*Asks:* 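After the structure tokens below, expect a handful of questions from me.
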Number of protein chains: 2
Amino acid sequence: MTRPRTRIQLRNSETILEAALEVFSQHGFRGATLDQIADVAGLSKPNLLYYFASKEAIHVALLSELLVTWLDPLRAMNADGDPVTELIGYVQRKLELSRDYPRESRLFANEILQGAPRIREAIQGDLHNLVREKSAILRSWMDQGRIARVHPVHLIFSIWALTQHYADFDVQVRAVLGPDEPDPFPEAGQFLETLFTRLLAPR
Amino acid sequence: MTRPRTRIQLRNSETILEAALEVFSQHGFRGATLDQIADVAGLSKPNLLYYFASKEAIHVALLSELLVTWLDPLRAMNADGDPVTELIGYVQRKLELSRDYPRESRLFANEILQGAPRIREAIQGDLHNLVREKSAILRSWMDQGRIARVHPVHLIFSIWALTQHYADFDVQVRAVLGPDEPDPFPEAGQFLETLFTRLLAPR
DNA sequence: TGATTGTTTGACCAGATGGTCAGTTTAGGT
DNA sequence: ACCTAAACTGACCATCTGGTCAAACAATCA
């Protein structure tokens with residue numbers, strides 16, 4: 001509840017959130033147990049609850065922390081830059097997130113799949129507004145003929161879908177590619193660059 | 001375990017699977033309870049377990065049933081047809097599945113997210129082989145210069161990601177689009193047709 | 001050193017949950 | 001109408017799980 005004050009509080013809160021991310025992202029909210037989290041964190045269950053009021057409090061803490069960093073790449077999309085460069089850059093940054101922070105991606109996916117009970121308002125508020133803002137930029141680029149005209153919001157959806165797929169469906173991706181292809185990300189990056197370059201090329 | 005024999009067995013198995021799909025797709029395996037499923041099915045819990053040996057047995061029955069119908073659209077992709085038509089057709093059929101059977105899509109997504117513990121071998125076996133087979137077709141189309149050259153497996157991934165997104169992330173899609181746009185699917189279909197047409201146009 | 005505050009834990013609890021079972025009710029064939 | 005097998009149920013159980021609490025322990029500072 002209250003913010004960390006002492007060194008120990010800071011360290012243990014961190015440890016707990018890290019362990020909780022591991023467990024929640026693997027089993028979902030309902031599938032994760034406090035005992036598992038405590039075990040991974042190397043702390044006792046009552047000690048966990050000394051730092052967080054409840055299981056849900058841990059989950060909420062993770063999600064709100066996540067939402068900020070998750071949307072940063074989109075925020076970084078600059079109206080003054082070169083449109084195609086900006087968009088491809090966004091795609092690549094999002095793909096890097098999928099590669100480097102797959103647990104966060106799965107945590108988010110789990111939450112949305114269940115109907116986003118804990119972050120619905122954030123999605124209808126902050127996210128909705130951010131997308132409105134950025135699609136206005138996209139629309140102006142289209143008006144200027146600097147990128148091809150497509151539905152800007154569905155364009156953003158397509159970026160999310162295509163990049164997150166590599167984190168959320170990692171098991172499937174690797175199983176389908178087979179054991180010969182240990183790291184799908186380089187080729188994914190190339191494929192997505194091709195895809196969005198062709199989609200957006202002004203015509 | 002054993003296949004349904006009598007009329008009652010057939011009807012009740014059906015009812016249970018329908019209820020289980022509803023509950024599992026909404027709450028995940030761990031989040032769903034037998035009591036919930038029994039309630040939705042309008043049967044008592046012991047009666048549920050008269051038809052299925054365990055909670056897991058219900059889940060497995062659903063998943064194996066699902067896998068067949070889920071891959072049918074890909075199976076239907078015909079080597080003798082017109083490449084772009086075949087691919088766009090596949091995309092549209094997959095999008096229709098997302099629109100008409102979102103619960104099945106979410107059930108599948110849930111399973112993959114958790115690491116596919118119950119269908120791993122099916123994915124490494126049947127799915128892997130089907131994708132190999134179909135990417136050979138894609139490759140031959142590319143060799144003939146009838147569609148642009150891209151990584152065939154990532155092309156298939158992109159179709160899955162883009163279409164399933166509209167079922168699995170439905171809440172997000174609707175929240176971001178806002179209440180003015182009640183049905184995202186028509187515009188999604190148009191967007192995806194544009195996307196794949198431009199991506200695949202021979203050059 | 002002692003007092004105070006912050007940290008940790010074993011033991012415990014109430015409710016939920018998957019599953020069992022003995023026994024009752026119903027359906028279908030004769 | 002009767003019999004048999006199928007269908008169904010209330011009561012029950014063991015286990016799991018989120019959470020509590022009083023008491024023990026550690027750190028910090030006067």
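Sequence lines set the chain letters: A, B, ... in the order given, protein chains first and strands last, and positions in each chain run from 1. Just so we're clear, the structure is a prediction, and the values are computed from it rather than from any experiment.
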*Asks:* At their closest point, which heavy atom of A/Val171 faces which heavy atom of B/Arg120, and how far apart are they?
*Replies:*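 Looking at all heavy atoms of both residues, the closest pair is CG1-NH2, 3.9 Å.
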
*Asks:* When you measure from the side-chain N and O atoms of B/Tyr50 to the phosphate of D/dA7, is any distance below 4.0 Å, counting only OP1 and OP2?
*Replies:*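 Indeed, a polar side-chain atom of B/Tyr50 lies that close.
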
*Asks:* Starting at the 5' end of DNA chain D, which residue's closest nucleotide do you reach first, B/Ile8 or B/Pro46?
*Replies:*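 Residue closer to the 5' terminus by nearest nucleotide: B/Ile8.
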
*Asks:* What pairs of residues pass the side chain to side chain donor-acceptor pair (under 3.5 Å) test when at least one of them lies in residues 56-69 of chain B, not counting sequence neighbours?
*Replies:*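 Residue pairs passing side chain to side chain donor-acceptor pair (under 3.5 Å), neighbours aside: B/Glu56-B/Arg118, B/His59-B/Arg118.
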
*Asks:* So how far is it from A/Phe24 CZ to A/Lys55 NZ, rounded to the nearest 0.5 Å?
*Replies:*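 Going from CZ on A/Phe24 over to NZ on A/Lys55, the span is 5.5 Å.
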
*Asks:* Without decimals, in angstroms, what is the distance between B/Lys55 NZ and C/dT20 P?
*Replies:*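 Going from NZ in B/Lys55 over to P in C/dT20 covers 14 Å.
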
*Asks:* Treating B/Ser98 as the side-chain partner and B/Thr163 as the backbone partner, does any N or O pair qualify as donor plus acceptor under 3.5 Å?
*Replies:*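 Yes, because the side chain of B/Ser98 sits within donor-acceptor range (under 3.5 Å) of the backbone of B/Thr163.
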
*Asks:* Can you give me the dot-bracket string for DNA chain C, 5' to 3', counting Watson-Crick and G-U wobble pairs with both distances under 3.5 Å, using [ ] for crossing pairs and | for partners on another strand?
*Replies:* ||||||||||||||||||||||||||||||

*Asks:* Under a 4.0 Å threshold between the charged nitrogen and the carboxylate oxygen, would A/Glu18 count as salt-bridged to A/Arg103?
*Replies:*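 Yes.
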
*Asks:* Do the non-hydrogen side-chain atoms of B/Ile16 and B/Leu43 ever get within less than 4.5 Å of each other?
*Replies:*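 Yes, their side chains come closer than 4.5 Å.
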
*Asks:* Whether the B/Asp82 and B/Thr85 side chains hold a donor-acceptor pair (N or O, under 3.5 Å, no angle test) is what I'd like checked.
*Replies:*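 Distance-only check passes for B/Asp82 and B/Thr85.
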
*Asks:* Atom CG of B/Leu48 and atom C1' of D/dA7: how far apart are they, to the nearest Å?
*Replies:*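 Answer to the nearest Å: 13 Å.
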
*Asks:* List in numerical order all residues of residues 17-33 of chain B for which some heavy atom is under 4.0 Å away from an atom belonging to DNA chain C.
*Replies:*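 Those residues are B/Ala32, B/Thr33.
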
*Asks:* Within this structure, what is the CG-to-P distance between A/Leu43 and C/dT9, rounded to whole angstrom?
*Replies:*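 Distance, rounded to whole Å: 7 Å.
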
*Asks:* Starting at CG of A/Asp39 and ending at P of D/dT17, how long is that distance when rounded to a whole Å?
*Replies:*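 My rounded result for the distance is 12 Å.
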
*Asks:* To the nearest Å, how far apart are B/Asp35 CG and D/dG10 P?
*Replies:*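 Atom CG in B/Asp35 sits about 13 Å away from atom P in D/dG10.
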
*Asks:* B/Glu56 CD to C/dG19 C1': how many Å, rounded?
*Replies:*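 Roughly 14 Å, once rounded to whole Å.
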
*Asks:* Are B/Asp170 and B/Arg174 within salt-bridge range, i.e. N to O under 4.0 Å?
*Replies:*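 A salt bridge is present here (some side-chain N lies under 4.0 Å from a carboxylate O).
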
*Asks:* Need to verify one output field. Residue with the more 5' nearest nucleotide on DNA chain C, B/Leu49 or A/Ser44?
*Replies:*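 Mapping each residue to its closest nucleotide by heavy atoms, the 5'-most match is A/Ser44.
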
*Asks:* Rounded to whole angstroms, how far apart are CZ on B/Arg7 and P on C/dT26?
*Replies:*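 After rounding, the reported distance stands at 18 Å.
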
*Asks:* Side-chain contact test, heavy atoms from C-beta onward, threshold under 4.5 Å: evaluate it for B/Gln172 versus B/His165 and give yes or no.
*Replies:*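 Yes; the side chains approach each other to less than 4.5 Å.
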
*Asks:* Between A/Asn12 and C/dG6, does any side-chain N or O lie under 4.0 Å from OP1 or OP2?
*Replies:*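 Result: no.
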
*Asks:* What's the closest nucleotide to the A/Gln9 side chain, out of C/dT7, C/dG18, D/dA6?
*Replies:*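 For A/Gln9, the side-chain atoms sit closest to C/dT7.
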
*Asks:* Between D/dA7 and B/Asn47, is there an OP1 or OP2 to side-chain N/O distance shorter than 4.0 Å?
*Replies:*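 Checking B/Asn47 against D/dA7: no side-chain N or O falls below 4.0 Å of OP1 or OP2.
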
*Asks:* Please tell me whether B/Tyr166 and A/His154 form a close aromatic pair, meaning their ring centres lie under 6.0 Å apart.
*Replies:*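 Yes, ring centres under 6.0 Å apart.
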
*Asks:* Would you mind classifying the nucleic acid contact of B/Leu34 as base, sugar-phosphate or nothing, using non-hydrogen atoms under 4.0 angstrom?
*Replies:*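 Since only primed, P, OP1 and OP2 atoms lie under 4.0 Å of B/Leu34, the category is sugar-phosphate.
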
*Asks:* Calculate the interatomic distance between B/Ile16 atom CD1 and D/dC8 atom C1'; express it in whole Å.
*Replies:*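 So the CD1-C1' distance, B/Ile16 to D/dC8, works out to 12 Å.
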
*Asks:* Heavy atoms from C-beta onward define the side chain here; which of C/dG18, C/dT7, D/dA6 lies closest to that of B/Thr6?
*Replies:*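 Nearest listed nucleotide: D/dA6.
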
